[in-house]
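Just so it is clear: chains get the letters A, B, ... in the order the sequence lines come, proteins before strands, and each one is counted from 1.
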There are 2 protein chains.
Amino acid sequence: METPKTPLSIDTRIREGLSRVGMVLRVDEWNRAKATGLNPTQLSILTLLEGREKDGLGVKEIAAHLGVSQPTATDSINALERKGFLAKRQGAADKRAVSVVLTADGASALNATDTGEGLAAQAIGALDHGEQEDLLVTLIKMIRRLQEADAIPVQRMCVTCRYFAPFAHADAARPHHCKFVDAAFGQRELRIDCRDHVEADPASRAATWDAFQTG
Amino acid sequence: METPKTPLSIDTRIREGLSRVGMVLRVDEWNRAKATGLNPTQLSILTLLEGREKDGLGVKEIAAHLGVSQPTATDSINALERKGFLAKRQGAADKRAVSVVLTADGASALNATDTGEGLAAQAIGALDHGEQEDLLVTLIKMIRRLQEADAIPVQRMCVTCRYFAPFAHADAARPHHCKFVDAAFGQRELRIDCRDHVEADPASRAATWDAFQTG
DNA sequence: CGTTAATATATAGGAGTCCTATATATTTTC
DNA sequence: GAAAATATATAGGACTCCTATATATTAACG
């Protein structure tokens, strides 16, 4: 009957929980990816490039999004280039730079991986609607904090978008408004990575966040 | 002005959010591990073995906890054995089996990695107390579901422990009771991986969960 | 009781991730 | 225009991670 060591803080236990769930996400990704001969890292890169077909992304940006070093990103990009799933174009203005874009093959490989079912979806499905919504909002809050702290690159979330008008409507089910598509939407529809995102300037971003939080 | 493709379900967006946060967890782990010459996978294994010094764990079990194949687990275990951070003992009853245990060196390497600060801790710190608590409970709910579905191995959580008496006290701050240490504790103290965990039988596990949920 | 099936782990082989350190080519800066 | 900063690539090495298969034991069953 040992007494437990230093009692763990709630931070630590949340991290433990996130890491368990994260493990399952990774397993799902292996299953998704296997069919197309990809692995989770490669799948992440293709996903990242989807919806950025205009400008592509630089090697450094990809590394930052993946949370790996730049040479590692080069490695994985090369692996995908060999497979013909993406292409490197020389940067227009800056000749040092490179612009990585999805090829047609890459896009179809991505579509071939059915994103539908998986263990993670099952776990999320075990939550009721309110919990799902709260979880989404909590994650958004965490991600935003990391973004504000420059710990991760800019995410294309509604809450930092210039087109986002939080709580613009009285309708409790669809309180928010997207000025880009000019439509109302609900908390449950909040995006983590919207292809139409345009970052708002810091001042209005802060104001938007404030309005979003105080609901 | 492209119209967005098929609108993503909330499942998908929660997965996106979890994966962003998971990326940060991984970066934190690299930073933690680097000092001791480890990598995140190795760190996970050592963490897993901590608090199981009596019986150790089998290769297969370690693989299941990590969500990797058995040969991969063998690889990583061998790497750690080379470094002297763990040892393999032959199984007592079953001579095929192996029991992997932490060595003293392994334990101190683990302690050397300061678990304190990191990006994830910062992101979690951005949440208020209520949100942290809700997040912890939500994660527990998800993990339990995965466990019940045999998608992940048994986790040593309070909610599946025979010593756990949910909402046994009137005190709102410390409603739960742990019959092992015979003490009251709060939602915020719920464990994800308790070394004193003993799995309850299915029937009482279900009853406990029910009591916990309807709290 | 002995053959067959199941289990726990290890090996083999190979692609790819991931790191640090450093080289190369271009901007940028003063 | 030289020095500092930036974007990417290379080199070298440890390790992760897979599938397929081999080995040793234990369990199952006719």
Side-chain angles (χ1 to χ4, degrees), chain A residues 23 26-46 55-101 153, chain B residues 23 26-46 55-101 153:
Chain A
M23 182 273 271
R26 196 111 190 132
V27 169
D28 276 351
E29 282 200 316
W30 265 111
N31 291 333
R32 258 189 82 187
K34 250 183 307 195
T36 48
L38 296 169
N39 64 36
T41 303
Q42 295 177 351
L43 197 54
S44 297
I45 294 178
L46 295 188
D55 306 313
L57 274 181
V59 172
K60 195 180 183 165
E61 292 170 292
I62 292 175
H65 273 282
L66 262 57
V68 299
S69 69
Q70 170 263 309
T72 294
T74 296
D75 275 350
S76 293
I77 290 166
N78 287 342
L80 284 167
E81 196 181 22
R82 254 177 272 132
K83 295 180 185 176
F85 288 161
L86 55 75
K88 284 192 265 192
R89 295 187 309 212
Q90 206 187 36
D94 189 336
K95 279 179 198 152
R96 292 167 305 181
V98 123
S99 168
V100 180
V101 289
Chain B
M23 182 272 272
R26 197 111 189 133
V27 169
D28 276 352
E29 282 199 316
W30 264 112
N31 291 333
R32 258 189 82 187
K34 251 183 307 196
T36 48
L38 296 168
N39 63 37
T41 303
Q42 294 176 352
L43 196 55
S44 297
I45 294 177
L46 295 187
D55 306 313
L57 274 181
V59 173
K60 194 179 184 170
E61 292 169 292
I62 292 176
H65 274 281
L66 263 56
V68 299
S69 70
Q70 170 264 309
T72 294
T74 296
D75 274 349
S76 293
I77 290 166
N78 287 343
L80 284 167
E81 196 180 22
R82 254 178 272 131
K83 296 180 186 177
F85 289 159
L86 56 74
K88 284 191 267 191
R89 294 187 310 213
Q90 207 187 35
D94 189 335
K95 279 178 198 150
R96 291 168 305 180
V98 123
S99 168
V100 179
V101 289

If you compare every side-chain N and O of [X] against the phosphate oxygens of [N] (OP1, OP2), does one of them come in below 4.0 Å?
{"X": "B:Arg26", "N": "C:dC18", "answer": "no"}
{"X": "B:Thr41", "N": "D:dC15", "answer": "no"}
{"X": "B:Ser69", "N": "D:dC18", "answer": "yes"}
{"X": "B:Thr74", "N": "D:dT16", "answer": "no"}

Next item on the list: Identify whether any heavy atom of A:Asp75 sits under 4.0 Å from a base atom; if not, whether one sits that close to sugar-phosphate; answer base, sugar-phosphate or nothing.
Entry: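 Base contact.
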Identify which nucleotide among [options] has an atom closest to any side-chain atom of [X], counting heavy atoms from C-beta outward.
{"X": "A:Pro71", "options": "D:dT25, D:dC18, D:dT10", "result": "D:dT10"}
{"X": "A:Asp94", "options": "D:dA9, C:dT17, C:dT27", "result": "C:dT27"}
{"X": "B:Lys83", "options": "D:dC15, C:dC19, C:dA10", "result": "D:dC15"}
{"X": "A:Asn39", "options": "C:dG16, D:dT8, D:dC18", "result": "C:dG16"}

Using atom [atom1] of [X] as one end and atom [atom2] of [N] as the other, report the distance to the nearest whole Å.
{"X": "A:Leu80", "N": "C:dA15", "atom1": "CG", "atom2": "P", "result": "16 Å"}
{"X": "B:Ile62", "N": "D:dT16", "atom1": "CD1", "atom2": "P", "result": "13 Å"}
{"X": "B:Lys60", "N": "D:dA24", "atom1": "NZ", "atom2": "P", "result": "20 Å"}

Margin query: Determine whether a donor-acceptor pair (one donor, one acceptor, N or O, separation below 3.5 Å) exists between the side chain of A:Gln70 and the base of D:dA9.
Written below: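 Between D:dA9 and A:Gln70, which were checked side chain against base, a qualifying N/O pair under 3.5 Å is present.
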Notebook entry, point to check: Between B:Lys34 and A:Gly37, which is nearer to the 5' end of DNA chain C once each is assigned its nearest nucleotide?
Noted result: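 Taking each residue's closest nucleotide, the earlier one in sequence belongs to A:Gly37.
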Next item on the list: Map B:Arg96 and A:Ile77 onto DNA chain C by nearest heavy atom, then report which one ends up closer to the 5' terminus.
Entry: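 So the residue in question is B:Arg96.
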Notebook entry, point to check: With no hydrogens and no angle check, is any side-chain donor or acceptor of B:Ser99 less than 3.5 Å from a backbone partner on B:Arg89?
Noted result: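 Side chain of B:Ser99 to backbone of B:Arg89, a donor-acceptor pair under 3.5 Å: no, none is there.
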